[in-house]
Amino acid sequence: MGSTDSRGNSQNTGHTESLSAGTPGGARDRDSEGRARNARPRDGLGRPLPYDAPGVPRQPEGVVRTPEETVDEAQRLLDEGKPFHAHEVFEDAWKSGPDTERELWRGLAQLAVGLTHTARGNLTGGARLLRRGAVAAEEWASASGEATPHGIDIDSVAAWARRLAEEVERSGRPVDAGARAPRLRGTEAGR
C-alpha cells in the first residue's frame, strides 16, 4: 500500500494517500460533516494565511438571511474592505433564496469577487468579473422588471462596476477594496 520513506517522500506501492502540507499532523482539513474544507485563517481579501497566523473571522456558510439582511451584511463587509466575505453572503442568498432571484445574487457575488481580484492585483480577472457581474445584474433587472430589488440600485451598481473595471485597466494598479466599495443602496453607487 502507499507509504512514505523516512524523508516523507511518497512511495508508489499501488495505493495513494493524500496529505496536506502545513496542516497539523498532515491531516486534510474537514468540516463537521467530513467534507474537505480549508481551515487556514484568511485575510480580509480571502487569501489563505499560515495556520498559526491570526486572520479575520470567516463568514459562516449556508446562512439563510432575508434579502434585506443579505444586503445589509454584504454592504458592511464591503465597507470594511472584505469583498471576498461579502461574496460569500451573496452566495448564500443565491443558494437559499427563490429561484427567481438566483441570477441577481449570482451577479452581485461576481461583482464582489471582481472587487476582490482588483484589490489583490489580478486586474484583468477582476475587470472581467466586474463587467460580467454588471451584465448579470442588469439582465436580471430587465427580465424581472425590478430596477431596485431589495433597495439595490442595479443601474448605479452596474455603472460603478464598469467605471472600476476601466480604471484598473487604465491605471494598472490594485485598488483599496474598502475605499472603492460600491453603495448597494442610495444614489451614490460607488466610491
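All residue numbers refer to positions in the sequence shown, counting from 1.
- Salt bridge status for Glu166 with Arg163: absent, with no side-chain N to carboxylate O gap under 4.0 Å.
- With contacts defined as side-chain heavy-atom distances shorter than 4.5 Å, the pair Arg173/Glu167 does not qualify.
- Applying the salt bridge (charged side-chain N to carboxylate O under 4.0 Å, His left out) test to pairs two or more places apart or on separate chains, those with a residue in residues 138-149 are Glu138-Arg162.
- Val56 places a side-chain heavy atom less than 4.5 Å from the side chain of His85.
- Residue pairs that meet the ring-ring contact (aromatic ring centres under 6.0 Å, His included) test with at least one member in residues 94-121, sequence neighbours left out, are Trp105-His150.
- Under a 4.5 Å side-chain heavy-atom cut-off, the cluster of Ile, Leu, Val, Met, Phe, Trp and Tyr residues that includes Val64 has no other member.
- Listed for the Asp92 side chain is a donor-acceptor partner under 3.5 Å among the backbone atoms of Gly62.
- Counting only distance, with no hydrogens or angles, the side chain of Trp140 and the backbone of Arg102 share no donor-acceptor pair below 3.5 Å.
- Aromatic rings of Phe90 and His87 (six-membered ring for Trp) have centroids beyond the 6.0 Å cut-off, not under it.
- If you take OG1 on Thr118 and CZ on Arg128, they are separated by 14.0 Å, rounding to the nearest 0.5 Å.
- Here the CZ-NZ distance, from Arg42 to Lys82, works out to 14.5 Å after rounding to the nearest 0.5 Å.
- Side-chain contact between Leu45 and Pro83 is present, with heavy atoms from C-beta onward closer than 4.5 Å.
- Taking each heavy atom of Ala181 and Leu115 in turn, the nearest pair found is CA-CD2, 4.1 Å.
- Counting heavy atoms from C-beta on, the side chains of Pro182 and Leu111 never come closer than 4.5 Å.
- For Glu69 (side chain) and Thr66 (main-chain N/O), a donor-acceptor pair under 3.5 Å exists by modelled atom type.
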